[in-house]
Q: 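Quick one: this structure, given as structure tokens, is what I'll be asking you about.
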Amino acid sequence: MVAEADTVSVDGWDFSWLDGRATEARPSWGYQRLLADRLAAVESALDLETGGGEVLDGCPTLPPLTVATESWPPNVARASARLRPRGVAVVSTSDFPFADDVFDLVSSRHPVTTSWPDIARVLRPGGTYFSQQVGPASVFELVEFFLGEQPFSSRDSRNPSHAAAAATAAGFEVVDLRSESLRTEFFDIGAVVYFLRKVIWMVPGFTVEQYLPKLRELHELIERDGPFVAHTTRFLIEAHLIE
């Protein structure tokens, strides 16, 4: 199981390889559906850190001007193949190489960071930032199994209140902010290896070789007690740029 999970491709943002091997409850709000509603109502949109473009491509109507950014080369190729036939410009960057006041909507699903001043600059006055983000201490039961107890600063770093404060400081009015804790289960050690290879910030620098003793320990725990249970945290934030 470990050898298979250590060699399978982790390109893109499709987790279907985990079907039957891990489960994660989804937030009740339905981010893609809400994003689709907003995309259908604007003339221009920017999707940041689009991954392989899966979420954006799942929205039936896209604005006449739609741009997506992605910085990881394998994902850039996947996003380009998926989105360019729909008229989306895919830009390989982690920056904001765009003029001021261009977009009606900026969106991002699970961004690594949120640069509120840059988002405010590229949005038109009255424009919207809409995002689903990873919340505090997400899947930390798994993180701390490998890394040990983490400091409060690490556990609290993605608190939604921090995002709301940063948005306000950048000139936004937060109109929606909600969060949920969601049950996540790993049914075998292969699922754990695949997850940690794909979600690289959970255990930075993770390799099977480095963590083989802990992987054996976790495998034995799952075999004895059943699925390893963790909790994913997510929050939804929508903010309007004050005119």
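Hydrogens, waters and symmetry mates play no part in the numbers below; they use all other heavy atoms, side chains included. Residue numbers start at 1 and run along the sequence shown.
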Q: Under a 4.0 Å threshold between the charged nitrogen and the carboxylate oxygen, would D100 count as salt-bridged to R121?
A: yes

Q: How about R197 and V8: do any of their side-chain heavy atoms sit closer than 4.5 Å?
A: yes

Q: Just jot down the salt bridge (charged side-chain N to carboxylate O under 4.0 Å, His left out) partners of R26, sequence neighbours excluded, or say none.
A: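 E24.
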
Q: Out of curiosity, F206 CZ to Y211 OH, how far, rounded to the nearest 0.5 Å?
A: 8.0 Å

Q: Side-chain contact test, heavy atoms from C-beta onward, threshold under 4.5 Å: evaluate it for E49 versus R109 and give yes or no.
A: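 The answer is no, as the side chains (C-beta and beyond) never meet within the 4.5 Å cut-off.
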
Q: For T23, enumerate each residue passing the side-chain contact (heavy atoms from CB on, under 4.5 Å) test, keeping only those at least two apart in sequence or located in another chain.
A: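 Listed in chain order: E185, F187.
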
Q: In the hydrophobic clustering (ILVMFWY, side-chain contacts below 4.5 Å, transitive), which residues join L105, or is it alone?
A: W29, Y31, L34, L35, L39, V42, V55, L56, L62, L83, V88, V90, F130, L236

Q: Hydrophobic cluster mates of L46, side-chain heavy atoms under 4.5 angstrom, ILVMFWY only, any path?
A: L48, L65, V67, V91, F96, F98, V102, F103, V106, W116, I119, V122, L123, Y129, F172, V174, L177, F235, I237, L241

Q: Do other residues, nucleotides or ligands put more than 12 heavy atoms under 6.0 Å from the CZ atom of R216?
A: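 For R216, atom CZ is not crowded (no more than 12 foreign heavy atoms under 6.0 Å).
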
Q: Nearest 0.5 Å, what's the CG-CG distance between L215 and L218?
A: 7.0 Å

Q: Once salt bridge (charged side-chain N to carboxylate O under 4.0 Å, His left out) is applied, do any residues pair with E173, and if so which ones, sequence neighbours excluded?
A: none

Q: Tell me whether the count of non-hydrogen atoms from other residues, nucleotides or ligands lying under 6.0 Å of CG in L221 goes above 12.
A: yes

Q: Between D19 and R21, is the closest basic N to carboxylate O distance under 4.0 Å?
A: no

Q: For R38, check side chain to side chain donor-acceptor pair (under 3.5 Å) against everything at least two apart and list the hits.
A: E238

